[in-house]
Amino acid sequence: MNSVATDGRGLIVPVSYPPSHGETIVSSNYRLRYDFLAPRQIVFGWGRRRELGTLGRTLGRRAFLICGLPELPAEPAMDEIADLLRSEGIQAVSAAMIRREPEVEDVDRLAASLCDQNAGAGDFLLAVGGGAAVDLAKAAGAMATNRQSPTVKDYLEGVGRGLKLAGDPLPVLAMPTTAGTGAEATKNAVISSYDPPFKKSLRDNRLVPRIALVDPELTVSVPPEVTAASGMDAITQLIESYLSRKAQPIPQALCMQGLRLAVPAISEAVEEGSSRPAREKMAHAALLSGMALANSGLGMAHGVAPALGTHCRVPHGTACAVMLPVALRVNREVREPELARLAHRLFDCGPSTPPEEAVDLLIREIEALCDGVGVPRRLSELGVRAEQIPALVKDSRGSSMSGNPRELTDEELTELLEEIL
Ligand SMILES: [Fe+2]
């Protein structure tokens, strides 16, 4: 059994293990105990989309295609995908195109269409696109086999009737074309509504895609601003999972690896989109961030981001990035050793640097990283208005916020948002 550390409030506190190596493992008051979920198969590598047919055959004989636009590479890429499926005897059915984050109606419409086509055993969903396409596939694949209600709203956290999935969702093969959300490895699908405004998750362990086929070459055509926002989303996910009050040892190891790859690579990926090393590092880091958040949860940046999305239409990655320095500052008091460790491992900061100085340096470096890839520092630059802050505070209380290392009162959160307005 590992050493025990508590903060006196029953929170899980990371402790050094083994202390001589300065690595972190998270122990609890009781014993090391965790679950770890991940896709059944991860296939990662430049050009490996060409293995799609053989991989798809393990899931079924009919593939419903859900494509994300505009991230999707040029038309020839879609033709290539259809050809790869057909070459293995898989019927490719174009099911949906999505240009923005999925809404309740998108899921309901696609699920109804899947039912009309008798989707079931022998079928799977192939999502090619960013997090929106992958999440739409996950949610519609679940709704196609769970018809207690015709609307996904009734299954979302915190809204509707709170229904749980009874039947197994249709399997999903996820092929991400952006490096950011890590949706190819997560167990939730984020679904939005603008009337009434909410952005909530459908969550179930069985929503983890069966196969994650990650070909970083697909991200080469992603424009710089999307590369920046999605990359900062991945970095925020890695940092928040590392610090989360639900942090666990395997995800923490993944977070450190992902950050050591992504932090030095993001600028190159933004400025030189065709750089294979930079695109590979970002795609791998995003995948790791998905596995981390699926098992460890997140924190306040991801708590506020959905509210910024629904009330102010701020894209997810940008919302996370603008909140990340705030999240670091607000949690430094209760996560100083972990933040100092990140500074030591990621930046030019020797082990003899006092923890407080190391955390200062980490925050400065993350702010510089945001500046370097064009993420604004102030909410007003994203169109947020002072009178929207109460609604933002009210709608920041989702499951991500519950992973934040320390509790934030509404008053504190209001103050924090006002400070960066
Ligand atoms: Fe995210």
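First listed ligand is number 1; within each ligand, the first listed atom is number 1.
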Exercise. Side chains of Glu157 and Ser399: does their closest heavy-atom pair fall under 4.5 Å?
Worked result: yes
Problem set entry | Gln237 near the Fe ion (ligand 1): N/O/S under 2.8 Å | yes
Exercise. Would Glu412 and Arg406 pass as an ion pair if we require N to O under 4.0 Å?
Worked result: yes
Exercise. By atom name, which N, O or S atom belonging to Asp233 lies closest to the Fe ion (ligand 1)?
Worked result: OD1
Exercise. Closest approach of Leu213 and Arg48, non-hydrogen atoms and distance?
Worked result: CD1-O, 3.5 Å
Exercise. Quick one: does Ser244's side chain have a donor or acceptor within less than 3.5 Å of a partner on Ser241's backbone?
Worked result: no
Exercise. What's the atom name of the N, O or S in His302 nearest to the Fe ion (ligand 1)?
Worked result: NE2
